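Heads up, the thing below is written out as structure tokens.
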Amino acid sequence: MDYGKYKYQMEISEKERKKRQTQIVVKEVKLRPKIDKNDLNIKKKQIQKFIEKGNKVKITMSFKGREIIHSNIGMSIMEGIVEEFKNVCNIEQYPKLEGYNIIMVLEPQSSGSISSKFI
């Protein structure tokens, strides 16, 4: 076999592998503990859209200064998000306090139609 032909076949097979490969995209939604209900609803709609598209969502709640004393408020907001989305997505990382941030990661369920489960 000719080396040039072998090299050409390898390039073609590499292109085919790249076509079938799916890239995981992580979208981030940032929150604050003093967020209003309507603003929180808008953020939840953003999370819903990202999950419908099949992207992972990283939710970050950041505290500034002495707000960290009231981290329980942030945790309650994050738990509310978990309760709302637990039926439509998998929780890859549960809410966890890391420094001045609470971080949580949601991923879409592997099953077919996710969008039909949203209200």
Side-chain angles (χ1 to χ4, degrees):
M1 180 166 15
D2 185 16
Y3 178 70
K5 187 175 183 180
Y6 171 74
K7 192 173 174 183
Y8 176 71
Q9 292 293 334
M10 292 302 289
E11 287 176 11
I12 290 176
S13 64
E14 188 68 31
K15 284 182 183 179
E16 286 296 319
R17 267 188 259 141
K18 285 186 179 181
K19 274 185 189 178
R20 285 184 244 128
Q21 187 177 5
T22 57
Q23 208 170 18
I24 298 172
V25 179
V26 179
K27 299 287 188 173
E28 185 172 11
V29 176
K30 293 189 176 187
L31 303 172
R32 294 292 314 259
K34 295 181 182 179
I35 193 166
D36 191 40
K37 287 182 182 180
N38 292 330
D39 295 334
L40 184 61
N41 288 335
I42 289 171
K43 294 291 186 177
K44 286 179 183 178
K45 286 180 185 177
Q46 274 185 327
I47 294 167
Q48 176 182 342
K49 286 179 187 177
F50 292 149
I51 291 173
E52 283 176 351
K53 288 182 181 177
N55 299 324
K56 286 186 179 183
V57 182
K58 178 181 178 182
I59 304 167
T60 306
M61 175 155 309
S62 59
F63 297 91
K64 289 186 179 175
R66 295 182 63 177
E67 289 179 348
I68 196 68
I69 296 169
H70 303 290
S71 61
N72 56 349
I73 296 171
M75 280 301 233
S76 65
I77 292 172
M78 294 295 254
E79 291 297 327
I81 292 172
V82 167
E83 286 299 315
E84 185 167 335
F85 288 102
K86 71 179 178 182
N87 295 328
V88 294
C89 65
N90 299 327
I91 293 107
E92 185 176 301
Q93 179 182 345
Y94 281 89
K96 182 179 173 187
L97 184 65
E98 295 179 358
Y100 279 81
N101 297 319
I102 297 176
I103 298 171
M104 174 173 62
V105 179
L106 304 175
E107 64 181 355
Q109 288 180 341
S110 58
S111 63
S113 64
I114 295 171
S115 60
S116 65
K117 295 179 184 177
F118 284 108
I119 297 172

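In this text the structure is predicted, and so the values were computed from the model without any measurement. Note that these values count all heavy atoms, side chains included, but never hydrogens, waters or copies made by symmetry. Residue numbers run from 1 in the order of the sequence given.
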- Item | Considering all heavy atoms, the nearest Cys89-Pro108 contact | CB-CA, 4.3 Å

- Report yes or no: do Val26 and Ile103 belong to one cluster of Ile/Leu/Val/Met/Phe/Trp/Tyr joined by side chain heavy-atom distances under 4.5 Å? no

- Query: Rounded to the nearest 0.5 Å, how far does CG of Leu106 lie from OH of Tyr94?
  - Reply: 10.0 Å

- Salt-bridge contact Lys49-Glu52 (side-chain N to carboxylate O under 4.0 Å): no

- Message: Ignoring hydrogens, what is the shortest heavy-atom contact between Ile81 and Leu31? Give both atom names and the distance.
- Response: CD1-CD1, 3.8 Å

- Item | Distance, nearest 0.5 Å, that separates CD of Glu11 from NZ of Lys15 | 6.5 Å

- Message: Membership question, hydrophobic clusters at under 4.5 Å side-chain separation (ILVMFWY): are Leu40 and Phe85 in the same one?
- Response: yes

- Set of side-chain hydrogen bond (donor to acceptor under 3.5 Å, both in side chains) partners for Arg20, sequence neighbours left out: none

- Which side-chain hydrogen bond (donor to acceptor under 3.5 Å, both in side chains) pairs, counting each pair once, include a residue from residues 95-108, with sequence neighbours left out? none

Distance-only criterion, 3.5 Å: show the donor-acceptor pairs between side-chain atoms of residues 53-61 and protein atoms not counting sequence neighbours.
| unit_1 | atom_1 | unit_2 | atom_2 | d |
| --- | --- | --- | --- | --- |
| Lys56 | NZ | Glu92 | OE1 | 2.8 |
| Thr60 | OG1 | Glu28 | OE2 | 2.9 |

- Could you state whether Val29 and Val82 fall into the same hydrophobic cluster, counting links through intermediate Ile, Leu, Val, Met, Phe, Trp or Tyr residues with side-chain heavy atoms under 4.5 angstrom apart? yes

- Give the other cluster members for Ile12, using side-chain heavy-atom distances under 4.5 Å between Ile, Leu, Val, Met, Phe, Trp and Tyr residues; answer none if it is isolated. Tyr8

- Note on the structure: Residue pairs passing the side-chain hydrogen bond (donor to acceptor under 3.5 Å, both in side chains) test with at least one member in residues 38-47, sequence neighbours excluded, are Lys44-Glu84

- Query: Roughly how far, to the nearest 0.5 Å, is OH of Tyr3 from CE of Met10?
  - Reply: 9.5 Å

Scan the side chains in residues 62-78 for donor-acceptor partners under 3.5 Å anywhere in the protein, sequence neighbours excluded, and list what turns up.
| unit_1 | atom_1 | unit_2 | atom_2 | d |
| --- | --- | --- | --- | --- |
| Glu67 | OE1 | Arg32 | NH2 | 2.5 |
| Glu67 | OE1 | Lys64 | N | 3.1 |
| Glu67 | OE2 | Arg32 | NH2 | 2.9 |
| Ser76 | OG | Asn72 | O | 3.4 |
| Ser76 | OG | Ile73 | O | 2.6 |

